[in-house]
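First comes the structure, then the notes that go with it.
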Amino acid sequence: YDDIRVQNPLEGRRMWLLRAVDQFWASNPSKPEPSSGSEAQVMLVLSLSFHDPSADDEDPMDQVIDDVEAGIVLRTDFSNEDAWNSFLEKLKKAEEEHKENTTEGGDAGQGEPDENSDAAEEDSEDDGPGLLIKVIDASLPEERALFEGISNLRALRLFNDVDVRPAPLLPSGTKRTTTPHRLVDRGGWQEVYSGITIWVYDGLSNNDHCLRLVNPEGDVYGTATGDSWRAQVSHVYELQFNMTFLGMKINFGGMDRWDSAERSRNLREAGE
């Protein structure tokens, strides 16, 4: 990692980490030990293979999300302003309903401080908690070109930090994948991401007013990092709050119900 950082001084933390992970995959790493599901081995991979930035290194995207506590809505389709504005109205309504519910002692009453109910306030000058959800709507042509039509994987690499962990445990009676892939299982390892939650507004959103909720790591064995499913805008704030503060996880009861088209797109983009 240190050598990569010196050789590419104009890049940032996320790209440096990605380059390090690329080298990890290129090294044909040995399979993790049988007890590889433990956090201890994951940290061993970090300490031996890469370099834990420990927040010492900056990234160009940090300044975009430094006021975000939980997630972002990332606009990636700019073809229909009317649909986008209609979506924003629905999102604002969802925010107001969430604030009303938490203020009345709903979710916030489950052991969380009252200040969490203000996390969605869109006031960057507030000294309180960061935004529960921030909308990123690029206006300049060069900014829109960066986000337009991007995949889940690209969004993760822009706004999250990459890592590697042992792949999810193989269920009893299940065979290991015959097509190894870094986002699923390659040599017993899986590429994963950590950071804020990403909700993607895409071309389909113009009609269904749904967002792609991006999963930063594989769920059950055989699912992939970057998988997504479409969530109605009216549920976004409630889901984000529950995931961030109440530990809710979306796993479809162990079933693979993620968007297969988006998964295929991520796999192609990542390579093997």
| query | Do Tyr221 and Leu183 belong together in a cluster built from hydrophobic side chains that touch within less than 4.5 Å? | reply | no
| query | Hey, is the main chain of Asp202 close enough, under 3.5 Å, to the side chain of Arg212 for a donor-acceptor pair? | reply | no
| Val192, Leu17: one ILVMFWY side-chain cluster at the under-4.5 Å cut-off? | no
| Is Lys92 paired with Glu95 through a side-chain N to carboxylate O contact shorter than 4.0 Å? | yes
| request: State the CD-CZ distance between Glu81 and Phe87, to the nearest 0.5 angstrom. | output: 13.0 Å
| query | Would a distance-only check, ignoring hydrogens and angles, find a side-chain to backbone donor-acceptor pair under 3.5 Å from Ser86 to Asp82? | reply | no
| query | For the side chain of Glu69 and the backbone of Leu132, is there at least one donor-acceptor N/O pair under 3.5 Å apart? | reply | no
| field | Trp84: partners by side-chain hydrogen bond (donor to acceptor under 3.5 Å, both in side chains), with sequence neighbours left out | value | Asp137
| Are Glu58 and Arg5 within salt-bridge range, i.e. N to O under 4.0 Å? | no
| message | Determine whether Ser228 and Asp259 satisfy the following criterion, side-chain hydrogen bond (donor to acceptor under 3.5 Å, both in side chains), listing intermediate values before the conclusion. | response | CA-CA 6 Å; Ser228 64; Asp259 188 319; 5.0 Å; no
| task | Look at the aromatic rings of Trp189 and Phe24 and report parallel, tilted or perpendicular, splitting at 30° and 60°. | result | perpendicular
| field | Note: Glu262-Arg265 ion pair, threshold 4.0 Å (strictly below) | value | yes
| Should we say atom CD of Gln63 is surrounded by more than 12 heavy atoms from elsewhere, each under 6.0 Å from it? | no
| field | Backbone of Leu170 reached by a side-chain donor or acceptor of Thr174 within 3.5 Å | value | no
| Ion pair Arg176/Asp185, N-O distance below 4.0 Å | yes
| Does any donor atom in the side chain of Tyr237 or Asn101 lie under 3.5 Å from an acceptor atom in the other side chain? | no
| field | Exam field: side chain Trp16 to backbone Asn8, donor-acceptor pair closer than 3.5 Å | value | yes
| query | Between Ile65 and Ile72, is any pair of side-chain heavy atoms under 4.5 Å apart? | reply | yes
| field | Asp62: partners by side-chain hydrogen bond (donor to acceptor under 3.5 Å, both in side chains), with sequence neighbours left out | value | Arg13, Arg14
| message | Whether Asp227 and Arg257 form a salt bridge (side-chain N of Lys/Arg under 4.0 Å from carboxylate O of Asp/Glu) is what I want to check. | response | no
| message | Distance check, rounded to the nearest 0.5 Å: Glu269 atom CD versus Ile150 atom CD1? | response | 8.5 Å
| Criterion salt bridge (Lys or Arg N to Asp or Glu O under 4.0 Å) on Glu148 and Arg75, from CA distance to verdict | CA-CA 8 Å; Glu148 188 167 13; Arg75 186 183 184 187; over 6 Å; no
| Of the non-hydrogen atoms in Val184 and Ala224, which two are nearest, and what is the gap between them? | CG2-CB, 3.7 Å
| Steps toward side-chain contact (heavy atoms from CB on, under 4.5 Å) verdict (Leu211, Val200) | CA-CA 5 Å; Leu211 298 171; Val200 177; over 6 Å; no
| field | Common cluster, Phe78/Tyr201, ILVMFWY with side-chain heavy-atom separation under 4.5 Å | value | no
| said: Is there a continuous path of hydrophobic side-chain contacts, each under 4.5 Å between heavy atoms, that joins Leu153 to Leu204? | reply: no
